[in-house]
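Here's the structure, in C-alpha cells; my notes come after.
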2 protein chains.
Amino acid sequence: MAFELFGREGFDATTVDEIARGAGIGRRTFFRYFDSKNDVVWGSFGEQLERMREQFRRCPPDQPLMDAVRTVVVEFNRVDPAEVPWHRRRMELILRVPALQAHSTLRYADWRAVVAGFAAERLGSSPDALVPQALAYSTLGVALAAYEHWLSRPGAELCDVLDAALAELANGFTTT
Amino acid sequence: MAFELFGREGFDATTVDEIARGAGIGRRTFFRYFDSKNDVVWGSFGEQLERMREQFRRCPPDQPLMDAVRTVVVEFNRVDPAEVPWHRRRMELILRVPALQAHSTLRYADWRAVVAGFAAERLGSSPDALVPQALAYSTLGVALAAYEHWLSRPGAELCDVLDAALAELANGFTTT
DNA sequence: CTTCCATTTGACACCCAGTGCCATTAATCT
DNA sequence: AGATTAATGGCACTGGGTGTCAAATGGAAG
C-alpha cells in the first residue's frame with residue numbers, strides 16, 4: 001500500500017512513480033484512479049458521506065438541532081477499535097502534512113454541504129442561507145479541533161473529545 | 001499588477017512567467033518574493049494579524065469572551081469603502097478558486113492562533129487546549145461563511161453579515 | 001573615480017505533478 | 001475465432017517550484 005511509503009519516506013518525498021510502481025501499475029494508470037496524489041489518502045469519502053446523510057435522516061424530528069448535529073457527527077466518526085491505529089495514521093497525514101491539509105479543504109466542502117442541508121431542513125431555510133452555512137462551517141471547525149486534540153494525546157478517545165467540543169459549540173462557548 | 005491578469009485570464013490560466021514578465025522581473029526573482037503563485041493574493045497577512053492582536057489587547061477585561069471575539073473580528077474585517085470592490089475581487093479569488101481555497105487554509109492557521117491565544121488568556125488555559133482551539137476554528141468557520149454570503153449578495157454589508165453570523169455562534173445556533 | 005564588498009538578480013538545469021494523445025493489450029460479446 | 005470496446009501505459013508536454021552559479025547592481029571606503 002501507498003501508506004507504507006508515506007510512513008517511511010514522508011508524503012512529499014514519495015513520488016507518484018514510486019506509488020504506481022509499488023502498486024504494479026503505470027503512472028498514467030494511477031492518475032486514472034486518483035485525481036491527484038492527495039486523493040490517495042481520501043478513499044471513497046463520498047460514500048462515507050452518504051452514511052452521514054442517512055444518520056441525519058434517522059434523527060427524531062423533535063430532537064433539538066444542535067443535539068442532532070452533535071450525535072451524528074460523533075457517531076459518524078466512531079471507528080472500529082481495531083482500525084483506530086490506522087485511522088490515526090491517516091488523519092495524521094491529512095491534518096499535519098501541509099499539502100494534504102490544504103487539499104482536504106476541498107473535500108470538507110461536501111461534508112459541510114451534508115450538515116448545512118440538514119440544518120436548513122430543520123430551520124426551514126435554504127441550504128446556502130447564512131445560518132446553515134455558518135453552522136456547518138463551525139461544526140466542521142470544531143470537529144477539526146477535536147481531531148487535532150485527539151492526535152496529540154495518544155490516550156484520548158476520539159468520540160469523547162468530539163462530544164465535548166461540540167457541546168461547547170452548542171453552548172456558544174460560554175464560560176459558565 | 002498581477003490581479004489584472006487573474007481577472008482577465010483566470011488564476012489557473014495565468015502562468016508565473018506571465019506575472020513575472022508583467023512585473024518586469026525574472027521568474028526566479030518572483031519566487032524570491034513569493035513562496036508560491038498562491039501567495040500573490042495574500043499580501044502581508046502577517047502584519048494584518050498584528051493589527052488583530054492589538055485589537056484584542058484593547059478589549060475591556062470584563063467584556064464577555066464571545067462579545068470580544070465578535071467585536072474584534074468584525075472590526076478587523078472593516079475596510080475603507082473605497083477599497084471594497086478591490087477587497088471583493090481578492091476574496092472572490094481566495095474563496096472561489098479551488099487552488100487558492102485550498103492554499104488559504106494554511107494562512108488561516110495563523111489567524112486562528114491569534115484568536116486561540118486570546119481565548120486561552122481569557123479562559124486561563126493553554127492556547128492549544130481543546131476549548132480555545134475549537135473556539136478559534138469555529139470562529140474562523142463562521143467568518144468564512146459570512147464572507148461567502150457577502151460575496152454572493154452584491155448589496156450586503158460585510159460587517160453586518162459577520163456580526164449576525166457571529167451572534168449566532170455566540171448563541172450556540174439556538175432556534176429561539 | 002576606482003576598488004572592494006555584499007546583496008540582488010536572473011539564466012539554466014532540474015524535479016515532480018498532472019494532462020492529452022495514441023498505440024497496444026486485455027476483456028467482452030456474437 | 002473475429003470483432004468491438006474498454007483498460008492500460010508509454011511518450012511528450014505544460015507549469016510550479018528549487019538549487020546553483022555567474023553576472024549585475026549598489027554602496028561604502030580609499
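Just so it is clear: chains get the letters A, B, ... in the order the sequence lines come, proteins before strands, and each one is counted from 1. Just the heavy atoms: all of them, side chains too, but no hydrogens, waters or symmetry mates, feed the values below.
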Under 4.5 Å side-chain linkage, directly or through intermediates, the cluster mates of A:Val161: B:Leu130
List the atom of A:Leu158, the atom of A:Asn77, and the distance in Å for their closest heavy-atom pair. CD2-O, 3.7 Å
Salt bridge or not for A:Glu50 and A:Arg53, using N-O below 4.0 Å? yes
Could I get the full list of side-chain contact (heavy atoms from CB on, under 4.5 Å) partners for A:Ala20, not counting sequence neighbours? A:Ile25, A:Phe30
Holding to ring pair (Phe, Tyr, Trp, His ring centres under 6.0 Å), I want the full list of residues that pass it with B:Tyr147, two or more places apart in sequence or in another chain. B:His87, B:Trp150
Applying ring pair (Phe, Tyr, Trp, His ring centres under 6.0 Å) as the test, list every pair that has at least one member in residues 114-136 of chain A; sequence neighbours left out. A:Phe56-A:Phe118
Hey, is CD on B:Glu83 packed in by over 12 heavy atoms from elsewhere, all under 6.0 Å? yes
Interatomic distance, B:Arg27 CZ vs C:dC12 P [rounded to whole Å]: 13 Å
In the hydrophobic cluster built from side-chain contacts under 4.5 Å, what are the other members alongside B:Leu106? none
For A:Asp160, what residues pass the side-chain hydrogen bond (donor to acceptor under 3.5 Å, both in side chains) criterion, not counting sequence neighbours? none
Could you name each residue pair satisfying salt bridge (charged side-chain N to carboxylate O under 4.0 Å, His left out) that touches residues 18-46 of chain B, not counting sequence neighbours? B:Asp17-B:Arg27, B:Asp39-B:Arg107
Residues two or more places apart in sequence or in another chain: which of them pass ring pair (Phe, Tyr, Trp, His ring centres under 6.0 Å) with B:Phe45? B:Trp42
Nearest 0.5 Å, please: how far is CG in B:Leu162 from CZ in B:Arg78? 9.5 Å
Under 4.0 Å from any atom of DNA chain D, heavy atoms only: list the residues of residues 3-25 of chain B that qualify, in numerical order. B:Thr14, B:Thr15, B:Val16
Indicate for each nucleotide in nucleotides 23-28 of chain C, in 5' to 3' sequence, whether protein heavy atoms under 4.0 Å reach the base (B), only the sugar-phosphate (S), or nothing (-). ------
Which of residues 29-43 of chain B have a heavy atom under 4.0 Å from DNA chain D? B:Phe31, B:Asp35, B:Ser36, B:Lys37
Quiz item: B:Arg28 side-chain donor-acceptor pair to D:dG17 base, under 3.5 Å: no
Check ion pair A:Arg57-A:Glu54 (N to O, under 4.0 angstrom): yes
For DNA chain C, which residues in residues 96-109 of chain A have a heavy atom at a distance below 4.0 Å? none
